[in-house]
Amino acid sequence: MKQLSTLQNVILLIGACLMVVGAALYVFGKQGISPVIFTVGAVAFAAMQMCQTYNGDNFIIRRLRRIMIASDIFFIIAAILLFENAYHFIFPYFLKWFKNGYTYYINFIHNNWVVALLIAAVLEIYSTHRISNELNKERRK
């Protein structure tokens with residue numbers, strides 16, 4: 001795996017911390033600013049993980065990198081859904097376009113940022129742990 005520079009590592013850690021702070025602020029009642037903080041963190045975190053590449057021929061690590069990219073996409077989806085949950089940009093269109101627009105909005109959009117965040121976190125933990133193990137196996141050979 002290509003190692004990140006010191007600046008990239010700092011950006012990665014700050015992005016992760018901003019995601020935690022943004023989610024916590026939303027949960028504890030600061031819905032106005034929390035989506036912005038979470039989104040900045042998610043974009044920084046995902047961008048730095050995209051910079052970390054693997055140029056080897058180990059199929060398992062390549063597969064795990066694709067899983068890690070999927071988790072980054074879920075982090076971005078969680079940020080978009082958090083923005084919608086806080087500011088309700090799409091909600092009027094649901095009411096206008098669908099007969100049961102309120103019900104559809106509640107089922108498909110409202111608070112589903114938590115589900116996307118959970119999926120992203122599980123995929124991230126799994127892929128990070130497995131990549132670490134596979135790289136250790138590769139070094140031992």
Side-chain angles (χ1 to χ4, degrees), residues 1-98 100-141:
M1 291 284 287
K2 177 185 166 200
Q3 293 298 318
L4 296 176
S5 69
T6 304
L7 176 63
Q8 289 173 325
N9 275 327
V10 168
I11 293 171
L12 182 82
L13 290 174
I14 289 173
C17 291
L18 285 175
M19 283 194 296
V20 170
V21 168
L25 284 174
Y26 189 85
V27 169
F28 293 116
K30 300 291 184 188
Q31 283 87 12
I33 191 71
S34 64
V36 175
I37 294 171
F38 186 88
T39 302
V40 169
V43 168
F45 186 81
M48 290 305 104
Q49 278 199 338
M50 296 294 174
C51 291
Q52 192 176 20
T53 60
Y54 177 71
N55 296 325
D57 58 354
N58 188 335
F59 177 74
I60 296 170
I61 295 176
R62 287 180 181 221
R63 178 183 55 87
L64 291 167
R65 277 288 302 146
R66 286 191 294 269
I67 292 172
M68 191 177 280
I69 290 169
S71 75
D72 292 337
I73 292 168
F74 275 106
F75 280 129
I76 301 298
I77 290 171
I80 292 167
L81 289 173
L82 184 61
F83 252 104
E84 173 55 32
N85 216 42
Y87 297 113
H88 303 291
F89 295 121
I90 301 173
F91 181 63
Y93 298 107
F94 267 78
L95 293 177
K96 186 167 87 173
W97 292 339
F98 301 109
N100 295 330
Y102 181 76
T103 304
Y104 290 151
Y105 182 83
I106 295 298
N107 287 337
F108 298 120
I109 304 293
H110 187 68
N111 285 340
N112 281 340
W113 68 273
V114 177
V115 175
L117 183 60
L118 178 65
I119 292 169
V122 168
L123 289 176
E124 186 70 33
I125 290 169
Y126 170 75
S127 61
T128 302
H129 176 70
R130 289 282 294 133
I131 286 174
S132 173
N133 286 346
E134 289 298 321
L135 288 173
N136 286 338
K137 282 183 192 176
E138 201 172 80
R139 278 190 214 114
R140 282 187 244 138
K141 287 183 181 180

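In this chain, numbering begins with 1 at the start of the sequence shown.
The shortest side-chain heavy-atom distance between Leu64 and Tyr54 does not fall under the 4.5 Å cut-off. The closest side-chain heavy-atom distance from Ile69 to Gln49 is not below 4.5 Å. In this structure the side chain of Gln8 never reaches within 4.5 angstrom of the side chain of Leu12, judged on heavy atoms. Phe98 has its side chain out of reach of Tyr93: every pair of non-hydrogen atoms, C-beta onward, lies at least 4.5 Å apart. No side-chain heavy atom of Leu81 sits under 4.5 Å from any side-chain heavy atom of Asn85.
Residue Asn107 comes nearest to Asn112 through the heavy atom pair O-ND2, 3.3 Å, listed as atom of the first residue, atom of the second, then distance. The nearest pair of heavy atoms linking Phe74 to Ala120 is CB-CB, 3.5 Å. In terms of heavy-atom proximity, Ser34 sits nearest to Gly22 at CB-O, 3.2 Å. In terms of heavy-atom proximity, Ala79 sits nearest to Thr39 at CB-OG1, 3.5 Å. Minimum interatomic distance between Ile11 and Ala44 (heavy atoms only, all atoms of both residues): CG2-CB, 4.0 Å.
If you take OG on Ser127 and CZ on Arg66, they are separated by 12.5 Å, rounding to the nearest 0.5 Å. Here CD1 of Ile131 is found 11.5 Å from CD1 of Ile60. Values are rounded to the nearest 0.5 Å. In this structure, His129 NE2 and Glu124 CD are separated by 13.5 Å, a value rounded to the nearest 0.5 Å. Between the CZ atom in Arg65 and the CD1 atom in Ile61 there is a gap of 11.0 Å [rounded to 0.5 Å]. Note: Ile14 CD1 to Asn9 CG = 11.0 Å, rounded to the nearest 0.5 Å. Here the straight-line distance linking atom OG1 of Thr53 with atom CG of Leu4 works out to 9.0 Å at 0.5 Å rounding.
In summary, the aromatic rings of Phe75 and Phe45 are positioned with their centroids under 6.0 Å apart.
Summarising the local packing, CG of Asp57 is surrounded by 12 or fewer heavy atoms from other residues, nucleotides or ligands at distances under 6.0 Å. More than 12 heavy atoms of other residues, nucleotides or ligands sit less than 6.0 Å from atom CZ of Phe94. Atom OH of Tyr87 sits in a crowded spot, with more than 12 heavy atoms from other residues, nucleotides or ligands closer than 6.0 Å. Other residues, nucleotides and ligands place more than 12 heavy atoms under 6.0 Å from the CZ atom of Phe89.
Each of Val115, Leu117, Val122 was checked for a side-chain contact (heavy atoms from CB on, under 4.5 Å) with Ile119, and the lone residue meeting it is Val115.
Without hydrogens or angle criteria, Glu84 side chain to Ile90 main chain gives a donor-acceptor distance under 3.5 Å. Remark: the backbone N or O of Ile33 is not paired with any side-chain donor or acceptor of Tyr26 at under 3.5 angstrom. Counting only distance, with no hydrogens or angles, the side chain of Arg63 and the backbone of Asn58 share no donor-acceptor pair below 3.5 Å.
Side-chain contact, Arg130 with Asn133: no donor N or O sits under 3.5 Å from an acceptor N or O.
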Practice task
Before giving the answer on side chain to side chain contact (heavy atoms under 4.5 Å, CB included), spell out for Trp113 and Ile80 the whole-Å C-alpha distance, their side-chain angles and the decisive distance to 0.1 Å.
Solution key: CA-CA 8 Å; Trp113 68 273; Ile80 292 167; over 6 Å; no
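Ring pair His88/Tyr105 is tilted by interplanar angle, where 30° to 60° counts as tilted.
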